[in-house]
Peer 1: 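Below is the structure I would like to discuss, written out as structure tokens.
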Amino acid sequence: MKLICVSNEEEMSLEASRLIAALVRIKPDAVLGLATGSTPLGTYEELVRMHGEENLDFSRVRTVNLDEYIGLDGNHPQSYRAFMNGYLFDRVNISPANTFVPNGMAEDLERECLEYDQLLEQLNFTDLQLLGIGSNGHIAFNEPDDYFTAHCHCVDLTHETIEANRRFFAEGEDVPTRAITMGMRGIMSSRRLLLLASGKKKAEAVAAACFGPVSPRVPGSIIQLHHEVTVIADLDALSKTGLFEEAD
Ligand code: F6R
């Protein structure tokens with residue numbers, strides 16, 4: 001595991017966008033595994049800037065997102081499809097047909113999961129998978145459990161995750177309680193994992209995921225088994241790792 005320690009969220013985003021941009025320049029038809037949530041916002045902002053000012057070309061890039069809420073249409077402002085369109089896809093020269101997000105409104109959700117896994121296989125998985133981490137250690141929406149789930153699946157979100165997601169919704173609006181998520185096979189089959197974390201709220205999850213035992217109780221800990229993983233985290237997110245304790 002390569003750990004890049006940065007001083008704040010802004011630096012995290014700059015480092016992450018540089019890595020992603022380098023991949024896109026080296027491999028213009030790269031398959032990027034993308035995440036939503038607050039964590040990658042600065043990274044997407046910087047990629048949009050690079051597209052506008054430095055000719056970063058997305059015309060041949062394909063993207064596969066980690067997850068989507070069940071019951072939200074892609075036009076719903078809080079859907080992950082709308083998130084990706086708004087923060088990245090509509091602002092760069094990517095072809096909409098090359099962007100994939102699970103369909104949370106699919107009539108047959110089991111089939112949707114199966115087809116999402118098939119899509120990943122057809123794309124030969126991702127060249128890079130961007131990951132955030134939940135404060136309970138989840139990656140994508142693989143919530144703490146007794147076992148790791150390999151395949152794309154429907155999941156009941158934990159109370160903690162629902163509450164964490166509430167900040168994106170209007171007051172009184174129902175927060176979705178279920179999601180479709182890429183499973184661990186899809187994530188771990190990526191050629192490179194890039195996990196980002198910033199802020200004290202992530203400190204326990206980061207310490208457990210990066211340095212604790214590999215366990216489905218901390219789903220993010222599975223990244224320790226990947227051969228090419230980069231973690232970019234700020235000092236607050238690394239504050240429980242024991243890496244920066246002052247010597248006596
Ligand atoms: C989102 C995703 C989630 C988030 C995690 C952290 O696509 O896969 O695992 O990365 O919930 O969310 P934020 O970044 O909002 O703290």
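Since this is a predicted model, take the numbers as computed values, not measurements. Note that ligands are numbered from 1 as they come in the structure, with each ligand's atoms numbered from 1 the same way.
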Peer 1: Quick one: list whatever passes salt bridge (charged side-chain N to carboxylate O under 4.0 Å, His left out) with E160, sequence neighbours left out.
Peer 2: none

Peer 1: Other residues, nucleotides and ligands only: do more than 12 of their heavy atoms fall within 6.0 Å of CZ on R111?
Peer 2: no

Peer 1: Which word best sums up how the rings of Y87 and F83 line up, parallel for under 30°, tilted for 30 to 60°, or perpendicular for over 60°?
Peer 2: tilted

Peer 1: Quick one: list whatever passes ring-ring contact (aromatic ring centres under 6.0 Å, His included) with Y44, sequence neighbours left out.
Peer 2: none

Peer 1: Please name all residues satisfying salt bridge (charged side-chain N to carboxylate O under 4.0 Å, His left out) with E53, sequence neighbours left out, ordered by chain then number.
Peer 2: R49

Peer 1: Show, in sequence, the C-alpha distance, side-chain angles and deciding distance for E121 and R185, and conclude whether the salt bridge (Lys or Arg N to Asp or Glu O under 4.0 Å) test is met.
Peer 2: CA-CA 10 Å; E121 298 227 10; R185 177 163 181 262; 2.9 Å; yes

Peer 1: Are any protein N/O atoms closer than 3.5 Å to the N/O atoms of ligand 1? If there are, list each pair with names and the distance to one decimal place.
Peer 2:
{"from": "ligand 1", "atom 1": "7 (O)", "to": "T36", "atom 2": "N", "distance (Å)": "2.9"}
{"from": "ligand 1", "atom 1": "7 (O)", "to": "T36", "atom 2": "OG1", "distance (Å)": "2.8"}
{"from": "ligand 1", "atom 1": "7 (O)", "to": "D67", "atom 2": "OD1", "distance (Å)": "2.7"}
{"from": "ligand 1", "atom 1": "7 (O)", "to": "D67", "atom 2": "OD2", "distance (Å)": "3.4"}
{"from": "ligand 1", "atom 1": "8 (O)", "to": "D67", "atom 2": "OD2", "distance (Å)": "2.8"}
{"from": "ligand 1", "atom 1": "9 (O)", "to": "A140", "atom 2": "N", "distance (Å)": "3.3"}
{"from": "ligand 1", "atom 1": "9 (O)", "to": "A140", "atom 2": "O", "distance (Å)": "2.7"}
{"from": "ligand 1", "atom 1": "11 (O)", "to": "H138", "atom 2": "NE2", "distance (Å)": "2.7"}
{"from": "ligand 1", "atom 1": "14 (O)", "to": "S38", "atom 2": "N", "distance (Å)": "3.2"}
{"from": "ligand 1", "atom 1": "14 (O)", "to": "T39", "atom 2": "N", "distance (Å)": "2.9"}
{"from": "ligand 1", "atom 1": "14 (O)", "to": "T39", "atom 2": "OG1", "distance (Å)": "2.4"}
{"from": "ligand 1", "atom 1": "15 (O)", "to": "S38", "atom 2": "N", "distance (Å)": "2.9"}
{"from": "ligand 1", "atom 1": "15 (O)", "to": "S38", "atom 2": "OG", "distance (Å)": "3.4"}
{"from": "ligand 1", "atom 1": "15 (O)", "to": "R167", "atom 2": "NH2", "distance (Å)": "2.8"}
{"from": "ligand 1", "atom 1": "16 (O)", "to": "K202", "atom 2": "NZ", "distance (Å)": "2.6"}

